Amino acid sequence: MTGNVEIKVLFFAGLREQLGLPSIQSKLQAPLTVASLQQQLASQGAPWHVMQSEHLLCAVNKEIVSPEHVVRAGDEVAFFPPVTGG
Amino acid sequence: MTGNVEIKVLFFAGLREQLGLPSIQSKLQAPLTVASLQQQLASQGAPWHVMQSEHLLCAVNKEIVSPEHVVRAGDEVAFFPPVTGG
Amino acid sequence: MFSVKVQHEDFNAGKEYQALTSVGAGAIVTFCGLVRDHSAEGRIDALTLEHYPGMTENTLQQLLEHAGRRWSLLAGRIIHRVGRLEAHQQIVFVGIASEHRQAAFEAASFVMDRLKNDVPLWKKQHGQQGEHWVEVKESDRQAGAKW
Amino acid sequence: MFSVKVQHEDFNAGKEYQALTSVGAGAIVTFCGLVRDHSAEGRIDALTLEHYPGMTENTLQQLLEHAGRRWSLLAGRIIHRVGRLEAHQQIVFVGIASEHRQAAFEAASFVMDRLKNDVPLWKKQHGQQGEHWVEVKESDRQAGAKW
């Protein structure tokens, strides 16, 4: 699948605060891996450089995925720092 | 210390039932180890032969002791099977 | 058999335990985590717990099911609170019922170790040093990796 | 800090847990043992628990103190019931409060493993096969020896 895909991206905890927003709706060029999505977001200048952190985790449709995971149209993508619950 | 010592001996659980009594008061020749006390009790004929079991535990004054422990006048001695609480 | 709740409201640990007594278990282990009033860095006034609605519940449910495949369990419950929680308040309840104690102890311990590594929940700490997001502890990472 | 009770009356596990929440703990682990309604040999109707008055309490207290030397604990409680207990009734409560969860889990598990080996308590089982004194399980002996 190629062309533009509409993707919702959520941010949580410290990352949400650093970016100053809980989510964005993005039109991006597909096919697209999580790693390249993260890179594209990180390249948008301040404060987006915080997306460069290799410690960030990514979930697609509420399941943890690896950086190689391919994002599809309609997916809900989330980036967040390592978890600290319990 | 030698001579006769007055000792209370308690029995619990299955051992108490096999002997048909919860305790005895005994005058015994001192010095006396737990092992020899157990042997003396066991040699009194039925049903006392059940005291021969090497699985029995012994407490003196409510602390577990080894067979070599020396019993003294006024001690409270208890014999019982391996424990199964919890 | 397995139930999960994510809520701001406090929970009654006694009632949660009671709910586990109806399954004929021989052993019930519960864990409760509470907000401590201090850490190595000083006084703690409160924590704010953030979660990812939907994913947090799913991941907790998967965690109980994972424990249920690994040990022979009769029932399991997790409640995790979110939002601002003051010092000494309850944060999390984990209850595991099984026939024998070893399975209950291990499964409850497993759930807590993995919860701290795998479930989308984040703690912000408010205290003597202002407020900051809690860092991952190396000891928690190791505890999660041992299973 | 450490409290022990041996009694016939039932206990309220929720209240026992509550009593442990006043010490500023970050982690509270509780264990409850209940009378199962079956074993490998068939139906169980009830258990009768016999103890050695005085020694049972002393040994339980020593067990908590031993745990308190081995782990960093804030509080610990044991209640062990004696007399006739029907299927599904509660037998024993162990509650441990500490700053961190690993100490609480390990200490509670240690107390149960050692209780089953060291504390003068004996179970008679009433059920399908009549009544008999419960035999020591090899798995319990091993669990007690591992600490």
Side-chain angles (χ1 to χ4, degrees), chain A residues 6-26 32-35 37-38 41-42 46-86, chain C residues 4 6 31-36 39 47-63 78-83 85 90-94 108-125 131-141 143-145:
Chain A
E6 181 95 11
I7 294 166
K8 186 173 189 182
V9 187
L10 309 177
F11 310 104
F12 289 97
L15 180 62
R16 174 182 55 71
E17 286 190 344
Q18 288 165 324
L19 296 177
L21 80 188
S23 66
I24 54 167
Q25 195 81 29
S26 249
L32 182 73
T33 64
V34 160
L37 169 59
Q38 185 174 349
L41 292 171
W48 290 94
H49 62 279
V50 296
M51 289 292 301
Q52 268 159 5
S53 165
E54 54 190 19
H55 296 301
L56 291 181
L57 301 174
C58 181
V60 172
N61 300 328
K62 304 190 167 82
E63 297 277 353
I64 292 283
V65 296
S66 66
E68 299 75 38
H69 183 90
V70 176
V71 179
R72 296 174 189 286
D75 277 352
E76 176 181 288
V77 180
F79 289 99
F80 43 78
V83 305
T84 56
Chain C
V4 158
V6 177
F31 172 85
C32 285
L34 299 100
V35 182
R36 290 189 301 141
S39 69
L47 298 176
T48 300
L49 268 291
E50 181 167 331
H51 77 301
Y52 181 173
M55 182 172 174
T56 307
E57 292 85 344
N58 292 352
T59 317
L60 289 171
Q61 183 73 31
Q62 286 162 11
L63 198 44
I78 305 177
I79 302 175
H80 207 297
R81 295 179 69 195
V82 292
L85 305 176
Q90 300 181 128
I91 306 170
V92 57
F93 172 90
V94 173
S109 185
F110 165 84
V111 164
M112 279 310 302
D113 284 347
R114 293 298 282 265
L115 188 157
K116 289 197 172 246
N117 281 272
D118 298 348
V119 179
L121 286 157
W122 302 271
K123 277 192 190 112
K124 182 186 266 188
Q125 187 170 303
E131 60 175 55
H132 65 89
W133 291 96
V134 171
E135 298 277 319
V136 173
K137 279 193 278 177
E138 182 53 28
S139 60
D140 284 334
R141 208 187 277 279

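In the text below, chain A, chain B and the rest are named by the order of the sequence lines, each starting its count at 1. These numbers come from a predicted model, not from an experiment.
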Query raised in the report: Is atom CD of A/E6 surrounded by more than 12 heavy atoms (other residues, nucleotides or ligands) closer than 6.0 Å?
Result: yes

**Report entry** Donor-acceptor contact below 3.5 Å, side chain C/W122 vs main chain A/P81
**Finding:** yes

Query - Atom pair CE/CZ of C/M55 and A/F80 - distance to nearest 0.5 Å - result: 4.0 Å

Query - For chain A, the option from C/M112, C/K124, C/H132 that forms the most heavy-atom pairs under 4.5 Å - result: C/K124

Query - Toward chain A, the part of C/K137 with a non-hydrogen atom under 4.5 Å - result: neither

Requested in this report: Give the minimum heavy-atom separation between C/Y52 and A/A78, together with the two atoms involved.
Outcome: CE1-CB, 3.4 Å

Report summary line: The interface call for C/V136 against chain A, heavy-atom contacts under 4.5 Å, is both

Query raised in the report: Rounded to the nearest 0.5 Å, how far apart are CD1 of A/I64 and OG1 of C/T59?
Result: 7.5 Å

Requested in this report: List the atom of A/V83, the atom of C/L115, and the distance in Å for their closest heavy-atom pair.
Outcome: CG2-O, 4.3 Å

Requested in this report: Select one option (side chain, backbone, both, neither) describing which atoms of C/D118 are under 4.5 Å from chain A's heavy atoms.
Outcome: backbone

Query raised in the report: Considering only heavy atoms, which portion of C/H51 lies under 4.5 Å from any heavy atom of chain A: side chain, backbone, both, or neither?
Result: backbone

Query raised in the report: Quick one: what part of C/N117 sits under 4.5 Å from any heavy atom of chain A, side chain, backbone, both or neither?
Result: backbone

Requested in this report: With a 4.5 angstrom heavy-atom cut-off, could you sort out which part of C/Q62 is near chain A: side chain, backbone, both or neither?
Outcome: side chain

Report task. Quick one: which of A/A13, A/P82, A/G14 has the most heavy-atom pairs under 4.5 Å with chain C, could you say? Result -> A/A13

Query raised in the report: Quick one: what part of A/L57 sits under 4.5 Å from any heavy atom of chain C, side chain, backbone, both or neither?
Result: neither

